[in-house]
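Some notes on the structure that comes next.
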There are 2 protein chains.
Amino acid sequence: MALEHAILVSLLEQPGSGYELAHRFDRSIGRFWTATHQQIYRVLGRMGADGWITAEQVDQRGRPDKRRWSVTDPGRAVLTDWLREEVQPEAVRHELAVKVRGAAFTDRAGQVALLVEVARYRADHEAVLARYLAGERRDFPGTVPADDRAALQHVVLRGGIAYERMVLAWLDDVLATLRGLDH
Amino acid sequence: MALEHAILVSLLEQPGSGYELAHRFDRSIGRFWTATHQQIYRVLGRMGADGWITAEQVDQRGRPDKRRWSVTDPGRAVLTDWLREEVQPEAVRHELAVKVRGAAFTDRAGQVALLVEVARYRADHEAVLARYLAGERRDFPGTVPADDRAALQHVVLRGGIAYERMVLAWLDDVLATLRGLDH
DNA sequence: TTGCACATGTAAAATGTTACATGATTAT
DNA sequence: ATAATCATGTAACATTTTACATGTGCAA
């Protein structure tokens, strides 16, 4: 998979400029796919050249003009084809796990420093969970989803919430383990 | 962070060849950091040139010679310095979440195809969980860890187990949501 | 004799990161 | 005036992925 597909989904949900996409990749979509604005502009250019998306110029008073991108029929076909492909195994990059195993090869002071850092990292994840929960209350207040799109967005958000809760519980386990090391 | 640090941790736990490392990155370390043998050989070369690791030639009867890499004192210092750095936020790449949100933009047949694929993906994760649990019974049978290294390896494994259990529960949620779409 | 495990690499293409670059409006 | 937000890009560099490349020994 590539960034292209995440952009197609985002533009189908809501057409927008590269700048707006970059912000979505910082917020909602960033939950499950990250990208910087530099990447996004480059890929938007390529997708436009390939005819997957098309831009309309939007003149704005008081602000720079922007290009509002929308998905074309060929772009939509690219997405539906991709949806039928196998889901690839996730490429895991869990830096903290590497550090925790690495903690066996540092001194006591280093282990304490890691413990402090894990506590800070835990606070970050607590904030993310709070943000997800607030978003859930705001966007999905009822028990019955409004439509398919809402139902699917909600289940993805529930995945994010479940992930953060799991991480917080594991970080508590890590903190207890670091505190319990021989010294 | 980079692959270098994961390799340093792995070689400190047990010196070995590039080939052996590639296998560890398919198994135990692959739980939290993935790498192919091509990446590993290239990075080993650079780390050797930088003096972080050193190789001894191991002549083997009946098999190709191999180079057993171990971490040098400078390499160990690189690791301890890195352990003191901030843990970077994870770069998330959750392809399935993109597909689930994308399912709002395909037809019923496409949604059913995704459902089938999610079920297959779920079976993969069930197998991973079973492997982790078997590894836990094998490597950590007692209640009290043998030493620091074992305690830290065990808490990382518990993280993998917690992750897989969370994913399985979420995939059930996804399956129920896909089945419940309007049609 | 076919395939698998062991063992190590190179090359090209795609992707991703970091730094640089510009310029307007709005709020403090 | 100063910073933040909106808006779009280029350039250089690093990393990752995919394909190619080679060769031995052992077991079925």
Suppose we call two aromatic rings close when their centres sit under 6.0 Å apart. Are W170(A) and H94(A) close by that rule?
yes
In whole angstrom, give the distance that lies between atom [atom1] of [X] and atom [atom2] of [N].
{"X": "L44(A)", "N": "dT15(C)", "atom1": "CG", "atom2": "P", "result": "14 Å"}
{"X": "L21(B)", "N": "dC6(C)", "atom1": "CG", "atom2": "C1'", "result": "14 Å"}
{"X": "Y19(B)", "N": "dT24(D)", "atom1": "OH", "atom2": "P", "result": "16 Å"}
{"X": "R24(A)", "N": "dA7(D)", "atom1": "CZ", "atom2": "P", "result": "12 Å"}
{"X": "Q88(B)", "N": "dT15(D)", "atom1": "CD", "atom2": "P", "result": "14 Å"}
{"X": "R93(B)", "N": "dT17(D)", "atom1": "CZ", "atom2": "C1'", "result": "14 Å"}
{"X": "I40(A)", "N": "dT18(C)", "atom1": "CD1", "atom2": "C1'", "result": "16 Å"}
{"X": "L3(B)", "N": "dT17(D)", "atom1": "CG", "atom2": "P", "result": "10 Å"}

Between S17(B) and dT8(C), is there a side-chain N or O to OP1/OP2 distance below 4.0 Å?
yes
Within the sub-3.5 Å range, which N or O atoms of nucleotides 9-11 of chain C have a protein N or O partner, and how far apart are they?
{"unit_1": "dG9(C)", "atom_1": "OP1", "unit_2": "R67(B)", "atom_2": "NH2", "d": "3.1"}
{"unit_1": "dG9(C)", "atom_1": "OP2", "unit_2": "R67(B)", "atom_2": "NH2", "d": "2.7"}
{"unit_1": "dG9(C)", "atom_1": "N7", "unit_2": "H37(B)", "atom_2": "NE2", "d": "3.4"}
{"unit_1": "dG9(C)", "atom_1": "O6", "unit_2": "H37(B)", "atom_2": "NE2", "d": "3.1"}

Looking only at dT17(D), dG16(C), dT15(C), the nucleotide nearest the Q39(A) side chain is dG16(C)
K66(B) and Q57(B), any side-chain heavy atoms less than 4.5 Å apart:
no
Interatomic distance, CZ@R101(B) vs CD@E13(A), rounded to 0.5 Å, equals 4.0 Å
Over all atoms of both residues, closest heavy-atom pair of A103(A) and L178(A)
CB-CD2, 4.5 Å
With the threshold set at 4.0 Å, does a side-chain nitrogen-carboxylate oxygen contact exist between [X] and [Y]?
{"X": "E20(A)", "Y": "R68(A)", "answer": "no"}
{"X": "R120(B)", "Y": "D124(B)", "answer": "yes"}
{"X": "R84(A)", "Y": "E117(B)", "answer": "no"}

Closest-nucleotide mapping onto DNA chain C: is A35(A) or H23(B) further toward the 5' terminus? I mean the 5' end.
H23(B)
